[in-house]
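Working notes, beginning with the structure itself.
The first residue in the sequence is number 1, and the count goes up from there.
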Amino acid sequence: DNSGPEEYANERDCHKLIQPAGAANITLTFTSFSTEENYDFVTVYDGATTSAPELGRFSGSSLPPVITSSGGSMMVRFTSDGSVTAQGWEALYESSQSYEIISEKSSRADKIKRYPNYDNIIFSLYPNPTKGKIKLICDELTDEDLIIEIINPEGKISRLMQIENYNGFTEIDFSDFTVGVYYVKIYNNDFVKLHKVIYSE
């Protein structure tokens with residue numbers, strides 16, 4: 001919402017065009033959300049302008065659902081009125097382009113596509129905040145291949161991990177990263193999950 005760690009300002013009208021080169025579609029995931037309910041809004045459009053069809057209009061403190069565009073452009077507009085502000089909102093986006101991952105075991109290329117939602121899968125990450133390693137636990141998954149991305153505070157991928165035959169437990173080491181807020185993205189052909197991790201000294 002352009003406010004950083006502070007509350008957003010009154011009378012804002014911000015437009016953010018998401019248009020990655022070569023994208024077939026775009027998925028937007030809100031990671032925090034707090035606006036003055038029924039007065040300050042985030043509106044997401046299925047195209048490059050505000051004349052495109054609306055994918056959703058959100059206000060209040062409930063985290064919006066994951067949103068996917070029908071094409072390679074998405075417009076996000078944030079408006080606030082003349083009184084009362086809040087902490088604002090954050091979101092991450094990704095395009096539909098696939099990664100090409102080389103398996104260390106098989107030395108073959110596996111193209112892993114990203115798909116949103118698979119609500120019954122729950123991952124536990126602890127300790128969080130962490131001073132080094134975190135444990136990634138999911139008792140519901142066995143013998144699944146996973147891709148894990150560590151996304152740094154600048155929104156770039158700091159590490160990309162491939163796990164074959166995940167057995168419900170693995171560790172992620174943050175000790176070679178700088179202190180800050182990271183996002184751990186876990187996905188395979190069936191689901192995608194996003195978790196915030198705080199790495200502190």
Notebook entry, point to check: Ile137 and Leu146: same hydrophobic cluster, using ILVMFWY side-chain contacts below 4.5 Å?
Noted result: no
Notebook entry, point to check: Could you go step by step and tell me if Thr31 and Leu92 meet the side-chain contact (heavy atoms from CB on, under 4.5 Å) rule?
Noted result: CA-CA 7 Å; Thr31 56; Leu92 298 175; 4.3 Å; yes
Item checked: Value rounded to 0.5 Å, distance of OH in Tyr183 from NZ in Lys196 -> 4.0 Å
Check: CD/Glu171 to CG/Leu136 distance, rounded to the nearest 0.5 angstrom?
Finding: 10.0 Å
Checklist line | Side-chain donor-acceptor contact under 3.5 Å, Glu37 with Ser59 | finding: no
Check: How would you list, by chain and number, every residue that makes a side-chain hydrogen bond (donor to acceptor under 3.5 Å, both in side chains) with Thr85, sequence neighbours excluded?
Finding: Glu7
Checklist line | NE2-CD1 distance between His195 and Ile122, expressed to the nearest 0.5 angstrom | finding: 9.0 Å
Notebook entry, point to check: Taking all non-hydrogen atoms of both residues, which atom of Ile198 and which atom of Val181 are closest, and how far apart?
Noted result: CG1-CG2, 4.3 Å
Check: Does a side chain donor of either Glu144 or Asn188 reach within less than 3.5 Å of an acceptor in the other side chain?
Finding: yes
Notebook entry, point to check: Any donor-acceptor pair under 3.5 Å linking the side chain of Asn167 with the backbone of Phe169?
Noted result: yes
Item checked: Note, Ile67 side chain near Phe30 side chain (heavy atom, < 4.5 Å) -> yes
Item checked: Side-chain touch Gln87/Ser32, heavy atoms, less than 4.5 angstrom -> no
Next item on the list: Check the pair Arg77 / Asp13 against side-chain contact (heavy atoms from CB on, under 4.5 Å), numbers first and verdict last.
Entry: CA-CA 7 Å; Arg77 183 184 186 188; Asp13 190 357; 2.9 Å; yes
Margin query: To the nearest 0.5 Å, what is the distance between CG on Asn25 and OG on Ser73?
Written below: 11.0 Å
Next item on the list: Check the pair Tyr8 / Trp89 against side-chain contact (heavy atoms from CB on, under 4.5 Å), numbers first and verdict last.
Entry: CA-CA 9 Å; Tyr8 58 79; Trp89 54 276; 5.8 Å; no
Next item on the list: Compare all side-chain heavy atoms of Tyr39 with those of Val84 and state whether any distance is below 4.5 angstrom.
Entry: no
Check: Going by atom types only, do Asp173 and Ser175 share a side-chain donor-acceptor pair under 3.5 Å?
Finding: yes
Checklist line | Contacts of type side-chain hydrogen bond (donor to acceptor under 3.5 Å, both in side chains), residue Ser70, not counting sequence neighbours | finding: Asp46
Checklist line | For the student: nearest non-hydrogen atoms of Glu36 and Ser83, plus distance | finding: OE1-O, 2.9 Å
Check: Under the 3.5 angstrom rule, does the side chain of Thr27 hit a backbone N or O of Tyr93 as a donor-acceptor pair?
Finding: no
Item checked: Heavy-atom pair with the smallest gap, counting every atom of Ala86 and Ser34 -> CB-O, 3.2 Å
Check: Taking atom CG of Leu63 and atom CZ of Phe33, what is their separation to the nearest 0.5 Å?
Finding: 8.5 Å
Notebook entry, point to check: What closest approach, in Å, do Ala9 and Ser80 show between heavy atoms, and which atom pair accounts for it?
Noted result: O-OG, 2.9 Å
Check: Is the backbone N or O of Ile26 less than 3.5 Å from a side-chain atom of Ser69, with the two atoms forming a donor-acceptor pair by type?
Finding: yes
Check: Does any N or O in the side chain of Tyr166 come within less than 3.5 Å of the main-chain N or O of Gly168, such that one atom is a donor and the other an acceptor?
Finding: yes
Notebook entry, point to check: Are the side chains of Val192 and Ile186 in touch, meaning some heavy atoms are under 4.5 Å apart?
Noted result: no
Check: Any side-chain heavy-atom pair from Leu194 and Val184 closer than 4.5 angstrom?
Finding: no
Margin query: Restricting to non-hydrogen atoms, name the atom on Lys133 and the atom on Pro127 that form the minimum distance, rounded to 0.1 Å.
Written below: O-CD, 3.8 Å
Check: What do the steps show when you test Lys16 against Phe78 for side-chain contact (heavy atoms from CB on, under 4.5 Å), and what is the final call?
Finding: CA-CA 9 Å; Lys16 298 182 183 294; Phe78 174 56; over 6 Å; no
Check: Listed by chain and number, what are the side chain to side chain contact (heavy atoms under 4.5 Å, CB included) partners of Phe177, not counting sequence neighbours?
Finding: Ile150, Ser158, Arg159, Phe174, Tyr182, Tyr199
Item checked: Side-chain touch Glu54/Thr43, heavy atoms, less than 4.5 angstrom -> yes
Note to self: On a heavy-atom basis, which atom in Gly72 and which in Pro20 lie closest, and how many Å separate them?
What the structure shows: O-CD, 4.0 Å
Checklist line | Atom pair CD (Gln162) and CD1 (Ile147), whose distance is rounded to the nearest 0.5 Å | finding: 4.5 Å
Margin query: Quick one, Met74 and Leu55 - any side-chain contact, counting heavy atoms below 4.5 Å?
Written below: yes
Notebook entry, point to check: Is there a side-chain contact between Met75 and Val44 (heavy atoms, below 4.5 Å)?
Noted result: no
